[in-house]
There are 2 protein chains.
Amino acid sequence: MVDSFEECVVATKRAQMMEETRGKIIRAARKAFAAKGYAAASMDDLTAEAGLTRGALYHNFGSKQGLLQAVVDQIDQEMVERMLAAQDQAASRWGGLLEEGVAYIEMALEPEVQRIMLLDGPAVLGDPSQWPNQNACLLRTTQTLQALIDEGTVKPVDAEAAARLINGAALNAALWIAAADDPRAVLPKAVEAFRQLATGLLKAKG
Amino acid sequence: MVDSFEECVVATKRAQMMEETRGKIIRAARKAFAAKGYAAASMDDLTAEAGLTRGALYHNFGSKQGLLQAVVDQIDQEMVERMLAAQDQAASRWGGLLEEGVAYIEMALEPEVQRIMLLDGPAVLGDPSQWPNQNACLLRTTQTLQALIDEGTVKPVDAEAAARLINGAALNAALWIAAADDPRAVLPKAVEAFRQLATGLLKAKG
DNA sequence: AAATTGACATACGTTTTGTATGTTAAAGTT
DNA sequence: AACTTTAACATACAAAACGTATGTCAATTT
């Protein structure tokens, strides 16, 4: 039981230490997973680079898969934040939806997102739309779309279905860009096609 | 050198035997990969179920990854054939494009396609759009789209970009359906949203 | 101050991949 | 037709990596 301020301060010391080691391992894992891929990344090398051993890893994350889950959660959170920022920056609600998709496409230029989120993550952890944060992101898109349907801007389709299709189009565009010889060159083409495709959901021609 | 009919017949015997064993291994691999996933599938168990040993595997495919490539190629070819059949069945060129996408979505209801083609394949072999058959499929879609652009049916966007977005939308719809509690229930919703979304590429409202 | 908890390291066993070597049947050669 | 050679596949071996079981020491509790 904690019954004084000093004891409380001391009591948090171990938790802070643990968070520190968790952070170090996750940081090393992000680098290793992005560089070598999940399967080829050795837990021994991973923890060694963080100045630790596999003992710390299994104590904190339970398994290799548990570590990947933690890494995915962290990156996913960063992605959601960036997408929300992009959405808020747009003038209209419809524009927000588009900017969100464009932001998603742009993020896939980063190897970490590419390898961990788009390739290894789904294979090891299963369908991305089942991940907690991805669900939150998709839910927001779905709600935005539903609002657009209610206000009459968008055709009366199933909001979730449309959200997933939009997401998928953006995702594939992202994969294409990341695998392209000159990613910067194909990015504008993908963004333009994305904007055009999305208008299919609009009620009236823009 | 082969200089008689009989020698020729005999000469093909070994090749036939080899094709037979290749087929047996690939068949077992399709089952195992679909059921357990690529990483968890043991090559020992795999070949044992085919009545062989790992020796045959490494002789014929070189590596575990080589076997997956062979499996992916086979399934990919089957998928392309089904997509072409769907396309040919449509009345208009635009309708063919849509039916192609719908066929793609429907195929993802099968666990083999889901697990091997959509989850493990990309993680192990890299971006699917780089696979030989996927390229052929995507190329056809791109060409169809280009023709639609030339005839004035579709907006003048980058044909390849549009093809990849369409493909991606269909792919994500497929993943959604496969992971859904009741796949048969969400299938029509996904198909309808896909048709609506695709109209964004059309010049005039349908 | 003794005891206990827990964060992390060390050591071990199991599994799996890939390779190196062996074996046998088929094909070519003389 | 017998010998040699090739090659498809099996067997045996080595290395790597994951997960677990155990050990250790600092930090907290009593």
Side-chain angles (χ1 to χ4, degrees), chain A residues 1-26 28-29 32-33 36-71 120 123-125, chain B residues 1-26 28-29 32-33 36-71 120 123-125:
Chain A
M1 191 63 72
V2 176
D3 52 345
S4 85
F5 176 72
E6 282 194 1
E7 271 185 3
C8 179
V9 168
V10 172
T12 61
K13 242 180 189 172
R14 272 168 76 156
Q16 279 179 1
M17 291 271 289
M18 200 160 169
E19 271 310 306
E20 175 67 26
T21 64
R22 277 180 66 95
K24 281 198 282 192
I25 293 175
I26 289 182
F33 288 163
K36 304 180 170 186
Y38 174 79
S42 162
M43 308 300 263
D44 263 323
D45 301 351
L46 242 188
T47 49
E49 178 152 339
L52 298 162
T53 69
R54 283 209 331 273
L57 195 156
Y58 283 92
H59 187 73
N60 281 282
F61 300 98
S63 66
K64 187 179 185 180
Q65 188 173 327
L67 175 59
L68 178 63
Q69 181 73 61
V71 168
D120 286 334
V124 177
L125 305 175
Chain B
M1 191 62 74
V2 175
D3 52 344
S4 85
F5 177 73
E6 282 195 2
E7 270 185 6
C8 179
V9 167
V10 173
T12 61
K13 243 181 191 174
R14 273 168 76 152
Q16 277 179 2
M17 290 272 287
M18 199 162 170
E19 272 309 307
E20 175 66 27
T21 63
R22 278 180 65 95
K24 281 198 284 192
I25 293 175
I26 289 182
F33 287 163
K36 304 180 169 186
Y38 173 78
S42 161
M43 307 301 265
D44 261 323
D45 301 351
L46 242 186
T47 48
E49 177 152 338
L52 297 162
T53 68
R54 283 210 331 273
L57 195 156
Y58 281 93
H59 187 73
N60 280 282
F61 301 99
S63 66
K64 187 179 184 180
Q65 188 173 327
L67 175 58
L68 178 62
Q69 182 73 62
V71 167
D120 287 334
V124 178
L125 304 175

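First the proteins, then the strands, lettered A, B, ... as listed; each starts at 1. For clarity, every value in this text was computed on a predicted model and none was experimentally measured.
Residue His59(A) places no side-chain N or O under 4.0 Å from the OP1 or OP2 atom of dC8(C). For Asn60(A), a side-chain nitrogen or oxygen approaches OP1 or OP2 of dC8(C) to under 4.0 Å. The phosphate of dC9(D) (OP1 or OP2) has a side-chain N or O of Thr21(B) nearer than 4.0 angstrom.
Checked against side-chain hydrogen bond (donor to acceptor under 3.5 Å, both in side chains), Gln65(A) has no partners two or more places apart in sequence or in another chain.
Expressed to the nearest 0.5 Å, how far OH of Tyr58(A) lies from NZ of Lys64(A) amounts to 8.0 Å.
Near DNA chain C, meaning a heavy atom under 4.0 Å from it, residues 37-45 of chain A has no residue at all.
Between the CG atom of Leu46(A) and the P atom of dA17(D) there is a distance of 11 Å, given to the nearest Å. Per the geometry, CE belonging to Met18(B) stands 14 Å off P belonging to dA27(C), to the nearest Å. Following rounding to the nearest Å, Leu68(A) (CG) and dA17(D) (P) show an atom-to-atom distance of 18 Å. One interatomic measurement links the two molecules: NZ of Lys64(B) to C1' of dT19(C), which rounds to 17 Å at whole-angstrom precision. Look at CZ on Phe61(A): it is 16 Å from C1' on dG19(D), rounded to the nearest Å. Following rounding to the nearest Å, Tyr58(A) (OH) and dA17(D) (P) show an atom-to-atom distance of 12 Å.
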Polar-atom pairs under 3.5 Å, protein N or O versus N or O of nucleotides 9-11 of chain C: list them with distances, or write none.
| unit_1 | atom_1 | unit_2 | atom_2 | d |
| --- | --- | --- | --- | --- |
| dA9(C) | OP1 | Thr53(A) | N | 3.4 |
| dA9(C) | OP2 | Thr53(A) | N | 3.0 |
| dA9(C) | OP2 | Thr53(A) | OG1 | 2.7 |
| dA9(C) | OP2 | Ala56(A) | N | 3.4 |
| dA9(C) | O5' | Thr53(A) | OG1 | 3.2 |

Decide yes or no on side-chain contact (heavy atoms from CB on, under 4.5 Å) for Thr21(A) and His59(A), but give the supporting numbers first.
-> CA-CA 11 Å; Thr21(A) 64; His59(A) 187 73; over 6 Å; no
After noting the C-alpha distance and the side-chain angles of Leu68(B) and Leu125(B), does the key distance pass the side-chain contact (heavy atoms from CB on, under 4.5 Å) rule?
-> CA-CA 8 Å; Leu68(B) 178 62; Leu125(B) 304 175; 4.1 Å; yes
Derivation and outcome, side-chain contact (heavy atoms from CB on, under 4.5 Å), residues Phe61(A) and Ile25(A) = CA-CA 10 Å; Phe61(A) 300 98; Ile25(A) 293 175; 3.8 Å; yes
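Nearest heavy-atom pair across Tyr38(B) and Asp120(B) is N-OD2, 2.8 Å. Of all heavy-atom pairs between Ala56(A) and Asn60(A), the closest is O-ND2, 2.8 Å. Closest heavy-atom contact between Val71(A) and Ala29(A): CG2-CB, 3.7 Å.
Applying the side-chain hydrogen bond (donor to acceptor under 3.5 Å, both in side chains) test to residues at least two apart or on different chains, the pairs with a partner in residues 41-53 of chain A are Lys31(A)-Glu49(A), Asp44(A)-Arg54(A).
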